[in-house]
2 protein chains.
Amino acid sequence: MDRFDAHILRELQRDSHIAVADLAERIGLSTSACHRRVKLLESSGMIDGYSARVNPKALGLDLEVFVDITLTSQSQEAMDAFEKAVQLYDEILECVLTTGTADYILRIVARDVAHYDMIHRRCLARLPGVSGMQTSFALRSIKSWRGYPVPG
Amino acid sequence: MDRFDAHILRELQRDSHIAVADLAERIGLSTSACHRRVKLLESSGMIDGYSARVNPKALGLDLEVFVDITLTSQSQEAMDAFEKAVQLYDEILECVLTTGTADYILRIVARDVAHYDMIHRRCLARLPGVSGMQTSFALRSIKSWRGYPVPG
DNA sequence: TTTCCTTCGGTACACCGATGAGCATGGTAA
DNA sequence: TTACCATGCTCATCGGTGTACCGAAGGAAA
């Protein structure tokens, strides 16, 4: 992990469709050296894979919701049941077990409030062992995901 | 947006490095038809771009933190100042203005607790107009980001 | 210092895959 | 029916990817 690798990771997080030759020029290396480094970053697991960034607005997904979940019990069984149920619903994009007031944080997308209401009734209300939910609707994105910071 | 486009979006969110020929076979279309659809999805803005998925563990970023921020004032000036300051720090990956008890939700990554402490002192403590912070450390990821759900 | 070895970048090139032209087909409206 | 549009397929071309080989730089040991 030197400055070349760091530069490659930054560029590929921004745009992975760039040709290796262009990437090489941008970081100041020959095509083959750059190519070799990219393959090494892939095989070492530094790069997990490549994804298309889909525009949620274009899909009609205008509503983003964060839900803090509190369970009635922190027993192994209760948590297993909850975590298993979370996997079932595609509308739940992310779920994290956390410290703090809540037990879990969910990230959800929906088309609109009516759609979220449906998700709430059809998915969230069916999650087992939930004692409390605190819902936060996203009003505006101040800073959106642009990859992890790479030092160097 | 028919079932072919939906299928393409799902596949490209999973793996955008797939060859067009393979993608075409997977969705049941010829290479050129598939290629044309992909280009159309790009130019229409449905696909925003392509990114490498970097493994945060491999970068030594083991700690993920969610911070709920409350401002002292919801005036335009206070919010503008806060939002501007948020842009300055690379360690703040995401920031969303929300309804609910907090005003903003921040998502932050750090190497470890000591590193987070440094970020807290050097970045978070300098954000203007903040009256309260509620920190949640991620203990475990139950469901991690795998793209938006595409209907059809 | 010399030699060997390892590591890493550069050059050249074969070949695979992206790209686009041209044609076929089916659905729709005049 | 005819014209037209949308969309699929085949095929040829060209650029980029991936690789083999060479050379330079740096370190270790005699």
Side-chain angles (χ1 to χ4, degrees), chain A residues 1-61 111 145-152, chain B residues 1-61 111 145-152:
Chain A
M1 262 309 276
D2 55 12
R3 67 189 186 87
F4 290 118
D5 286 331
H7 203 157
I8 289 173
L9 288 180
R10 276 195 296 273
E11 290 294 331
L12 289 185
Q13 282 192 105
R14 224 174 43 79
D15 175 21
S16 70
H17 242 46
I18 186 175
V20 178
D22 294 345
L23 179 60
E25 189 181 15
R26 197 166 295 186
I27 69 173
L29 227 55
S30 75
T31 305
S32 77
C34 180
H35 181 257
R36 198 176 314 149
R37 279 170 178 270
V38 170
K39 289 299 159 193
L40 228 52
L41 288 169
E42 289 172 358
S43 62
S44 71
M46 194 77 74
I47 293 176
D48 248 354
Y50 298 91
S51 298
R53 290 193 306 269
V54 166
N55 181 355
K57 302 262 182 219
L59 277 175
L61 298 170
R111 290 193 291 277
W145 179 263
R146 270 188 290 281
Y148 290 102
V150 184
Chain B
M1 264 307 278
D2 56 10
R3 68 190 186 83
F4 290 118
D5 286 331
H7 203 158
I8 289 173
L9 289 180
R10 275 195 297 272
E11 290 294 331
L12 289 185
Q13 282 192 107
R14 224 174 42 80
D15 173 22
S16 69
H17 243 44
I18 187 175
V20 178
D22 293 346
L23 179 61
E25 188 181 15
R26 196 166 295 185
I27 69 172
L29 227 54
S30 76
T31 305
S32 75
C34 181
H35 181 257
R36 191 184 319 160
R37 280 170 177 271
V38 171
K39 289 298 158 194
L40 228 51
L41 288 169
E42 290 171 359
S43 62
S44 71
M46 194 77 75
I47 294 177
D48 246 354
Y50 298 91
S51 298
R53 289 193 305 270
V54 166
N55 181 356
K57 303 262 182 217
L59 278 176
L61 299 170
R111 290 193 291 277
W145 179 261
R146 271 189 290 281
Y148 290 102
V150 185

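What you are looking at is a predicted structure, and each value in this text was computed from that prediction instead of being measured. Quick note on labels: first sequence line is chain A, next is B, and so on, each numbered from 1.
- Each of D:dT17, C:dG10, D:dG8 was ranked by its minimum atom distance to the side chain of A:Ala33; first place goes to C:dG10.
- Residue B:Glu42 contributes atom CD, which lies 11 Å from atom P of C:dG20 at whole-angstrom precision.
- Counting to the nearest Å, the C1' atom of D:dT17 and the CD1 atom of A:Ile18 are 14 Å from each other.
- To the nearest angstrom, P of C:dG20 lies 18 Å from CZ of B:Arg37.
- Between B:Arg3 atom CZ and D:dG8 atom P there is a gap of 10 Å when expressed in whole angstrom units.
- Between A:Asp2 and A:Arg37, at least one side-chain N (NZ, or NE/NH1/NH2) sits under 4.0 Å from a carboxylate O, which counts as a salt bridge.
- Between B:Leu23 atom CG and C:dA18 atom C1' the separation is 13 Å, expressed in whole Å.
- Here C:dT19 is the nucleotide among D:dG8, C:dT19, C:dG10 with the atom lying nearest to any side-chain atom of B:Lys39.
- Looking only at side-chain heavy atoms (C-beta outward), B:Met1 and B:Val150 come within less than 4.5 Å of each other.
- Taking the side chain as every heavy atom from C-beta outward, B:Leu9 and B:Asp5 never approach each other to under 4.5 Å.
- Using a 4.5 Å heavy-atom cutoff, the side chains of A:Arg53 and B:Tyr50 are not in contact.
- Between A:Asp2 atom CG and D:dG26 atom P there is a gap of 15 Å when expressed in whole angstrom units.
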Show, in sequence, the C-alpha distance, side-chain angles and deciding distance for A:Leu29 and A:Ile8, and conclude whether the side chain to side chain contact (heavy atoms under 4.5 Å, CB included) test is met.
CA-CA 11 Å; A:Leu29 227 55; A:Ile8 289 173; 5.6 Å; no
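- Here D:dG18 presents its C1' atom at 15 Å from CG of A:Leu40, a figure rounded to the nearest Å.
- Of the candidates C:dG10, D:dC9, C:dA18, C:dG10 carries the atom nearest the A:Leu29 side chain, counting heavy atoms from C-beta on.
- If you find the closest nucleotide of DNA chain D to A:Ala21 and to B:Arg36, the one lying nearer the 5' end belongs to B:Arg36.
- For the pair B:Ile27 CD1 and D:dG8 P, the computed distance is 9 Å after rounding to whole Å.
- For D:dT10, its base sits under 3.5 Å from the side chain of B:Ser32 at one donor and acceptor pair at least.
- Of all nucleotides listed (D:dT10, C:dA18, C:dG10), C:dG10 comes nearest to the side chain of A:Ser30.
- In terms of phosphate contacts, A:His35 brings a side-chain nitrogen or oxygen within less than 4.0 Å of OP1 or OP2 of D:dG18.
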